[in-house]
Visitor: 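If you scroll down you'll find the structure; I have some questions about it.
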Amino acid sequence: MDLIKKIPAYIERIPNGGILMTGLDWVLNNAKASSMWYMLFGLACCAIELMATGASRYDFDRLGMIFRATPRQTDLMIVAGTLTLKMAPRVKLLYEQMPDPKYVIAMGGCTMHGGPFYHDSYSVLKGVDKIIPVDIHVAGCPPRPEALLNGCIALQDLIKGEKVGRQRDRPGLRHIDPSTNLPLLVRPDTGLIRPNQILMPDQLRVLS
Amino acid sequence: MPEWVQFSAGKHFQDLIAHLSGRSVPEILVMPIMLAVILGFICGSSLILIWAERKVAARIQNRVGPMMTGPRKLAEFSMWTGGLLQTAADAIKLLVKELIIPSKTDPVPFIAAPVLIVTVCVTAFVVIPFGPALSVSDLNIGVVHVVSISSLTVLSIVMAGWSSNSKYSLLGGLRSAAQMLSYEIPLIFALLGPILLAGGLSMQKMVLAQREYGCWFFLPSLLGFLIYYVASIAEVNRPPFDIPEAESELVAGYVSEYSGMMFAMFFLAEFANMFLVCSVAATVFLGGWLVPFMAVPEQMTPGYIALGTLVFFAKTSFLVFIMMWIRWTFPRVRPDHLMNLGWKYLFPLSLLNLLICAGVAVLKDVYKLNGWGVSLASLGALVFVLLLLQVVRVPRPTAFLEKV
Amino acid sequence: MSEAIAFYVLSGLVLASAWSVVRNENLFHAGLSLILCFVGVAGIYVNLDAPFLGAMQVLIYAGAIAVLLLFGFMLTHDLMNAKQERNQHAAGIFAAVLMALVLIGTIAGAQWYGSSGQPVKFGVESLARRYMQQDLVSFEVVALLLLASLMGAVVIARKEEGSRD
């Protein structure tokens, strides 16, 4: 199987082979980007906006996006809403049941850093990128359908930049602090912040 | 039967090769090529039908449907010219998706099920007359061939449902087997009426018999047409009879565990089957390739063949469109309602249809009535019997919906 | 020539799948093999220029009866591990040998009427004539028998009046 994965790299070494691969890339990437079937599930109030985006006024189908109820036939997981700690293993399981190539859009503030539950909640996962790699974050509480559509188009652009036979730059998970076994938020300007630590007002400004 | 009807696409092809190469070709070499042609046709028609389904759904739901995939200039023109390459993109995407065979499945039936459903579909298409002298092979058991081969579709669904080793798939397979028992018998009995009128089972003979009668068989056998149409919607598992794959209760029913290309094969077969049942309905009840208000020439001309093929596709597309319309308009029925409908209403009515058709055949043979006379007589008989049923107070046809 | 090849291939298929029906431990696989066996027999019918019979074999046996069988299997408890019980070897072998003896005796003792004439061209008409004119009485008797068994099944399956829940 390793040999098969290397074939595109070999073709590129042939004179003019790169052009062939570029054409193939173009066809496959456009096909993948034009038919992102998303999984039919919603966690909280963002799901209402997700439904609105699928309905007639905004119409996901314009982009070729339709929902499938089973993870086996989906390409895209839109995590819409507050992810509680109890629900998190299920979402991770669903993600693992999706066939490759798979993409994730985190919709709304809760899925980015816990949103309104950031400070005092014992039951909310502060960001889905602690358990599954997220390609696109859509901000808002909840984001309007236009924002979600914008996120989908951004994801399409991301897909169109992929190359056959090369591993995509997968977004990673958030760091876990080995001493406390708690996830750490890595931010270039303020350094490491523990999610349950009490933040000073100047640090809050950075986060918002 | 005129001589040109005997010719089939397989024979044409054999003659062409013989003409070009100068030696005769055995049939065993021609058949695989013809099957490949059918497979290509199925794929092509499904590409169009899936796009059409999404557009019809969009129109019914006041949306525009796929617009971004395909030529943008055409999409600016109207919603019906947008997203022309949508299904092609879906197909390519499904091709490059990962193929997951879950570890707890039973691998042999799991892989065999999608293969079987496509095979069954291709085999059933063999006898469909797409135009005058344009069926792959006009078997003399045509109608029975289609019905018997497509009854194996259920087998594939049961295999998929069981081998997936998931409760949703299993329930889907179970429901499909139960559903099959309720629609299969009305479906066959509804076809018996036209078979009786035509006096044969061959598909081309069906079409020629309708020319002979001077009316399409949906007039003398109106009840049969309606019953066949309803039962065939149940056969292809489309809403309102999509009980085996009910999205809101069974995830995706028997296809829950299928991914990538194997799912694409089920998807393909669904639309190809829809085209199949509609083309059978168009052939048996709507005159097949007979052009309305135009006599069939004694000597076949290429012009008439082209026109007839076009008319056949127009009739089939119309029936397919009605099926899509029904799909996006009606809610799903419950399994026991479908059983009630099939056994208590469609089955007795199909027997009534058979009786009326037998009377019509006698009128035609003994009293030499023409098409209009025959149609009026049969419609009159139908109205009379239905009125009689009202007088003697049998349960109304919708009573099964009220009795929960 | 090609008919002979088809015959041997189909016979091999029928025998192998029949063996699998008996020997396969997995109940569901045995059921699928049974369907394969039915389809193989249908193929032999088609090979013998009886396509109507073949289509009927597929429709009634492979399409309806076998699916009912599988339907029954799927309702069994712990279905992924449903095993066939095979503790009746002696009785099975005895029955098989007896059946083989009867068949061999019949086939060896039969007088085979060969004919140089062309085979009758198949038509549904001839079948219909046979059923509806020549053998009408026996056909109707069989129909009556089936009706009686159907009504019997309804009576057995019906719940007692008043025990409705």
Side-chain angles (χ1 to χ4, degrees), chain A residues 1 4-5 8 23-41 51-76 93-94 96-103 145 149 152-153 156-157 159-160 162 164-165, chain B residues 50-51 53-55 57-70 75 79 82-102 105 164 166 168-169 172 245-264 266-267:
Chain A
M1 283 310 282
I4 294 175
K5 280 178 186 164
L24 192 63
D25 276 342
W26 187 85
V27 170
L28 293 186
N29 289 342
N30 269 289
K32 279 189 282 185
S34 315
S35 128
M36 296 190 294
W37 294 357
Y38 63 97
M39 205 192 303
L40 180 69
F41 81 115
M51 289 173 222
T53 323
S56 18
R57 188 169 181 89
Y58 297 98
D59 195 8
F60 256 151
D61 206 12
R62 281 183 299 144
L63 305 178
M65 294 172 66
I66 51 173
F67 67 79
R68 296 295 309 172
T70 158
R72 302 276 187 218
Q73 293 147 20
T74 50
D75 316 288
L76 169 64
L93 180 70
L94 283 175
E96 280 161 1
Q97 282 178 334
M98 287 164 68
D100 268 325
K102 49 190 170 186
Y103 306 92
L149 281 171
C152 291
I153 291 166
Q156 285 187 337
D157 291 340
I159 294 172
K160 283 175 187 167
E162 287 178 12
V164 175
Chain B
I50 293 170
W51 173 85
E53 166 111 54
R54 284 170 81 164
K55 280 296 185 187
R59 189 72 200 86
I60 287 172
Q61 297 175 345
N62 214 355
R63 298 185 282 121
V64 287
M67 294 298 273
M68 297 304 184
T69 321
M79 74 165 269
L84 291 174
L85 294 176
Q86 183 56 53
T87 327
D90 288 340
I92 294 171
K93 181 212 72 180
L94 283 170
L95 259 173
V96 298
K97 282 294 265 191
E98 182 188 4
L99 209 66
I100 294 177
I101 300 176
T105 53
S164 294
S166 126
Y168 300 115
S169 301
E245 47 187 320
E247 228 148 34
S248 47
E249 28 195 291
L250 292 186
V251 185
Y254 56 92
V255 286
S256 288
E257 296 296 330
Y258 283 91
S259 64
M261 213 46 219
M262 293 208 279
F263 165 68
F266 275 109
F267 207 47

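Proteins come first, then strands; the chains are lettered A, B, ... in the order of their sequence lines, and each starts at number 1. From a predicted model like this one, the values you see are computed outputs, not experimental measurements. Side-chain atoms are counted along with the backbone in the values below, which use heavy atoms only and exclude waters and symmetry mates.
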Visitor: With only heavy atoms counted, which part of Leu94(B) is less than 4.5 Å from chain A, the side chain, the backbone, both or neither?
Guide: side chain
Visitor: Locate the shortest heavy-atom distance separating Thr69(B) from Ser34(A); write the atom from each residue and the value.
Guide: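 Heavy atoms of Thr69(B) and Ser34(A) come nearest at OG1-CB, 3.4 Å.
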Visitor: Is it the case that the side chain of Asp61(A) and the backbone of Val64(B) share a donor-acceptor pair, with hydrogens and angles ignored and the cut-off at 3.5 Å?
Guide: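 Looks like no, no N/O pair under 3.5 Å.
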Visitor: Which atoms of Arg68(A) are under 4.5 Å from chain B, going by heavy atoms: the side chain, the backbone, both sets, or neither?
Guide: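 Only the side chain of Arg68(A) comes within 4.5 Å of chain B.
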Visitor: Do any N or O atoms from the side chain of Gln73(A) and from the backbone of Ala252(B) form a donor-acceptor pair under 3.5 angstrom?
Guide: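 Such a contact is absent between Gln73(A) side chain and Ala252(B) backbone.
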Visitor: What are the two closest non-hydrogen atoms of Arg72(A) and Pro102(B), and how far apart are they?
Guide: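 Smallest heavy-atom distance, with atoms named: NH2-CG, 3.6 Å.
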Visitor: Taking only residues two or more places apart in sequence, or in another chain, which ones meet Asp75(A) in a salt bridge (Lys or Arg N to Asp or Glu O under 4.0 Å)?
Guide: Lys93(B), Lys97(B)
Visitor: Roughly how far, to the nearest 0.5 Å, is CE of Met79(B) from CZ of Arg62(A)?
Guide: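 Spacing of CZ (Arg62(A)) from CE (Met79(B)) equals 12.0 Å.
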Visitor: Output the option from Val96(B), Leu95(B), Val251(B) having the highest count of non-hydrogen pairs under 4.5 Å with chain A.
Guide: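 The answer is Val251(B).
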Visitor: Specify the closest pair of heavy atoms between Gln86(B) and Ser35(A), including all atoms of both residues, with the distance to one decimal.
Guide: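 So the minimum-distance heavy-atom pair works out to NE2-CB, 4.0 Å.
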Visitor: Taking everything shown except Phe41(A) itself, do over 12 heavy atoms lie less than 6.0 Å from its CZ?
Guide: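 Buried by this count: over 12 neighbours within 6.0 Å.
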Visitor: Quick one: salt bridge (Lys or Arg N to Asp or Glu O under 4.0 Å) partners of Glu98(B), sequence neighbours excluded?
Guide: none
Visitor: Below 4.5 Å from any heavy atom of chain B, which atoms of Ala33(A) appear? Answer side chain, backbone, both or neither.
Guide: neither
Visitor: Look up atom CE in Met65(A) and atom CE in Met68(B), then write down how far apart they are to the nearest 0.5 Å.
Guide: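 Met65(A) CE to Met68(B) CE: 12.0 Å, rounded to 0.5 Å.
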Visitor: With only heavy atoms counted, which part of Met98(A) is less than 4.5 Å from chain B, the side chain, the backbone, both or neither?
Guide: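 For Met98(A), the backbone is the part near chain B, not the side chain.
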Visitor: Any chance you could lay out the side-chain contact (heavy atoms from CB on, under 4.5 Å) test for Thr70(A) and Val255(B), step after step, and finish with the verdict?
Guide: CA-CA 9 Å; Thr70(A) 158; Val255(B) 286; 5.8 Å; no
Visitor: Is there a side-chain contact between Arg54(B) and Ile66(A) (heavy atoms, below 4.5 Å)?
Guide: yes
Visitor: Might you point out which heavy atoms bring Ala89(B) and Ala31(A) nearest each other, and give the distance in Å?
Guide: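 Looking at all heavy atoms of both residues, the shortest contact is O-CB, 3.6 Å.
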Visitor: Distance from Ile92(B) atom CD1 to Asn29(A) atom CG, nearest 0.5 Å?
Guide: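 Spacing of CD1 (Ile92(B)) from CG (Asn29(A)) equals 11.5 Å.
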